[in-house]
Amino acid sequence: MERHTTIISPEQITRQREYCTQVHDMNATLATAPLAYVDTYGCQQNEADSERIRGYLSEMGYEFTQDEHQAAVIVINTCAVREHAELRVLGNVGALTHTKRENPNQIICLCGCMMQEPHMAEKIKKSFRHVDLVFGPHALWRFPEFLWRIQTRRGRIFETADDPGSIAEGIPVERQGAIKAWVSIMYGCNNFCSYCIVPYVRGRERSRNPQDILAEVEELARAGYREITLLGQNVNSYGKDLGLGMDFADLLRAIDRVEGNFLVRFMTSHPKDAGDKLFDAMRDCAKVAPVIHLPFQAGNDRVLKAMNRGYTREGYLSKIRALRARIPHIVLTSDVIVGFPGETTEEFEDTLAVLREVEFDALFTFIYSPREGTPAAAMADVLTKEEKQANFQRLLDLQNEISLKKQQAYVGRTLRCLVDGEGEDERNNLTARTPGGRLVHFTGDKGLIGSDTDLNITSCSTWALFGEPV
Ligand code: SAM
Ligand code: SF4
């Protein structure tokens with residue numbers, strides 16, 4: 001297949017890094033390094049994008065702060081998936097008028113998916129005049145140029161043109177932590193689920209070249225990272241646009257061959273594209289964690305069709321069976337939407353039935369949020385807000401019951417876990433993750449952080465396990 005994705009050339013990235021040097025030289029004349037505050041909303045892809053924004057900022061000579069009052073530059077990386085996240089962003093951006101009043105030279109930047117929505121960019125232009133720079137995910141690679149232009153000419157910049165998307169290699173990355181790393185393997189989405197804004201704001205599916213991904217994984221393994229999460233809106237579509245005859249399962253096998261002591265996770269898998277080839281690779285690859293996030297969204301076939309998900313309930317369940325036949329101890333998580341337009345309570349019962357049949361280890365649950373410009377936003381509701389809320393509560397109650405039962409099955413077992421950070425209280429001062437991704441609290445020496453430790457699981461709650469070193 002011929003590839004239509006725009007590839008940002010190495011020269012274009014070099015030019016951006018020259019802008020970094022120019023801003024750096026300006027910052028070097030200040031008595032102390034200026035501070036930048038980066039706030040991220042939404043999914044892991046946004047976290048990964050923010051690591052690139054921090055990489056650029058670091059190259060420009062900024063240090064980082066958690067206090068927006070101290071910041072010379074504020075970057076808010078936004079999420080458009082649900083209205084709730086958008087309202088939080090607007091509230092927090094509104095509050096920045098105060099920090100800007102204290103420090104009129106402060107530069108306020110908004111980026112991410114919300115900025116790629118035309119009505120939202122318009123709203124910021126008109127009603128949030130303290131915001132200096134707005135750019136969508138497509139223009140992230142040009143961030144140094146924008147910051148340079150604002151610093152030298154002032155004025156406001158809006159870079160939110162619609163774009164099918166590009167791929168830019170070579171942007172510096174400032175990773176959060178030295179144990180876990182994100183690696184984007186592809187960008188965008190072609191699925192157009194009828195409720196979802198992502199394809200409109202993140203462009204068409206495009207895969208990074210396998211050699212670039214493998215080089216990044218090798219570098220992370222050499223640097224001692226212990227957990228690598230491969231990111232994409234639909235990782236199972238990986239490679240379709242490359243025409244190299246390599247798909248996601250092949251990529252997993254290639255990554256599994258990279259030398260080093262690390263575990264690979266990935267998200268998100270779309271059920272319509274996940275199949276035996278992927279499940280075989282998961283079973284065969286020692287470095288691939290025994291866990292999969294496989295969102296089913298709804299359990300009723302009419303609703304699934306209206307959502308444009310491309311699978312039926314039985315199709316989904318048969319894939320779960322195929323996976324469990326290969327990896328009986330697989331940890332399964334999923335996403336569910338309650339209150340999709342037109343969904344009746346009777347149809348919602350089918351969602352509960354899927355929960356009872358599969359018994360997911362954990363579930364991410366959402367009440368449907370209309371997104372302007374998506375087909376579902378024009379569909380009529382049959383349930384009231386209160387009825388949707390009542391269904392949502394039933395879903396939570398059932399999942400909590402299942403989650404607790406699943407957690408209890410771990411009590412008394414000894415598991416090799418990756419110690420990944422400090423806990424919140426003195427008694428359980430460390431946290432660790434099981435290979436399947438369960439959170440474990442325990443007491444131990446901080447020196448254990450970053451290592452594998454055998455933990456005896458002594459008790460649990462719905463959300464976490466508690467253990468002690470063996
Ligand atoms: N690409 C992934 C997939 O297809 O599973 C997930 C991307 S989306 C950012 C994460 C989850 O948000 C979805 O699985 C869905 O459950 C939820 N979501 C997306 N649009 C939504 C909407 N309009 N209202 C409520 N939940 C939504
Ligand atoms: Fe949204 Fe569907 Fe694409 Fe996931 S697969 S990002 S839910 S359109």
Side-chain angles (χ1 to χ4, degrees), residues 40-49 77-87 112-114 116-117 137 164-165 184-207 229-238 240 248 265-274 278 292-299 303-311 316 319 332-343 348 351 354-355 360 362-379 381 383 385 388-389 391-392 395-396 399:
T40 310
Y41 292 76
C43 67
Q44 290 79 6
Q45 184 56 57
N46 260 15
E47 296 286 349
D49 285 349
N77 192 359
T78 64
C79 170
V81 172
R82 280 171 294 276
E83 191 189 15
H84 180 66
E86 293 198 331
L87 293 177
C113 294
M114 244 172 109
Q116 206 63 51
E117 295 178 290
S184 299
I185 61 164
M186 60 189 299
Y187 308 96
C189 181
N190 287 354
N191 287 321
F192 289 95
C193 300
S194 62
Y195 50 80
C196 184
I197 195 73
V198 171
Y200 303 88
V201 293
R202 288 241 172 220
R204 296 291 62 74
E205 264 171 24
R206 50 213 189 269
S207 308
T229 303
L230 309 176
L231 296 179
Q233 289 303 337
N234 175 13
V235 291
N236 308 122
S237 286
Y238 175 79
K240 282 184 184 167
F248 182 59
R265 303 183 190 281
F266 55 86
M267 65 188 324
T268 299
S269 280
H270 193 300
K272 84 176 160 54
D273 302 311
L278 171 67
I292 190 165
H293 182 62
L294 203 57
F296 77 98
Q297 313 295 1
V303 177
L304 285 171
K305 196 157 192 289
M307 287 179 162
N308 193 29
R309 287 292 288 176
Y311 54 85
Y316 182 85
K319 288 192 184 189
L332 276 167
T333 63
S334 196
D335 292 348
V336 170
I337 296 177
V338 176
F340 182 78
E343 185 184 56
F348 167 73
T351 294
V354 171
L355 254 66
F360 294 99
L363 203 62
F364 298 85
T365 50
F366 308 103
I367 291 194
Y368 169 73
S369 169
R371 305 286 66 212
E372 194 172 313
T374 61
M379 297 178 190
D381 269 331
L383 297 185
K385 211 171 159 193
K388 288 182 178 190
Q389 191 60 49
N391 287 345
F392 188 66
L395 181 79
L396 291 185
Q399 183 55 41

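Computation of the quantities below employed the complete heavy-atom set of this structure, encompassing side-chain atoms and omitting hydrogens, waters and symmetry-equivalent molecules. Numbering of residues begins at 1 and proceeds along the displayed sequence. Just follow the structure's listing: the first ligand is 1, and inside any ligand the first atom is 1.
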>> Polar contacts were defined as any N/O atom of the residue lying under 3.5 Å from an N/O atom of the ligand; does this apply to Arg82 and ligand 1?
In response: yes
Short N/O distance, under 3.5 Å, between Asp335 and ligand 1? yes
Honestly, for Ile337 the part within reach of ligand 1 (heavy atoms, under 4.0 Å) is side chain
Between Phe192 and Tyr200, is the ring centre distance below 6.0 Å? yes
Honestly, for Gln45 the part within reach of ligand 1 (heavy atoms, under 4.0 Å) is neither
Q. Is Val81 near ligand 1, meaning one of its heavy atoms is under 4.0 Å from it?
A. yes
- Quick one: does Leu363's side chain get under 4.5 Å of Asp335's, heavy atoms only? no
Any heavy atom of Gln233 under 4.0 Å from ligand 1? The part involved is both
Residue, atom and distance of the protein heavy atom nearest atom 16 (O) of ligand 1 read Gln297 OE1, 2.7 Å
Quick note on ligand 1: atoms under 4.0 Å from a heavy atom of Ser369 include exactly 22 (C), 23 (N), 24 (N), 25 (C)
Going by the 4.0 angstrom heavy-atom rule, the piece of Pro295 near ligand 1 is side chain
Exercise for the section: Answer with yes or no after comparing the ring centroid distance for Phe248 and Phe266 against a 6.0 Å cut-off, counting only values under it. Expected result: yes
Any protein N, O or S atom under 2.8 Å from atom 1 (Fe) of ligand 2? Found Cys196 SG
Atoms of ligand 1 under 4.0 Å from any heavy atom of Arg371, numbered from 1 in the order shown, are 23 (N)
Short version for Tyr195: what comes under 4.0 Å of ligand 1, heavy atoms counted, is both
Those residues at least two apart in sequence (or on a different chain) that pass ring-ring contact (aromatic ring centres under 6.0 Å, His included) with Phe340 are Tyr368
In this structure, CD of Glu86 is separated from CE of Met114 (nearest 0.5 Å) by 4.5 Å
Counting from 1 in the order shown, the ligand 1 atoms closer than 4.0 Å to a non-hydrogen atom of Ile367 are 25 (C)
Can you find a pair of side-chain heavy atoms, one from Ile292 and one from Leu278, that are under 4.5 Å apart?
-> yes
Within-shell test, Arg309 vs ligand 2, heavy atom, strictly < 4.0 Å
yes
> Using a distance-only test with no angle check, is there a side-chain donor-acceptor pair under 3.5 angstrom linking Lys272 and Asn191?
Replying inline: yes
Is it the case that ligand 1 has an N or O less than 3.5 angstrom from some N or O of Tyr368?
no
Check: So does Lys240 pair up with Asp273, basic N to acidic O under 4.0 Å?
Finding: yes
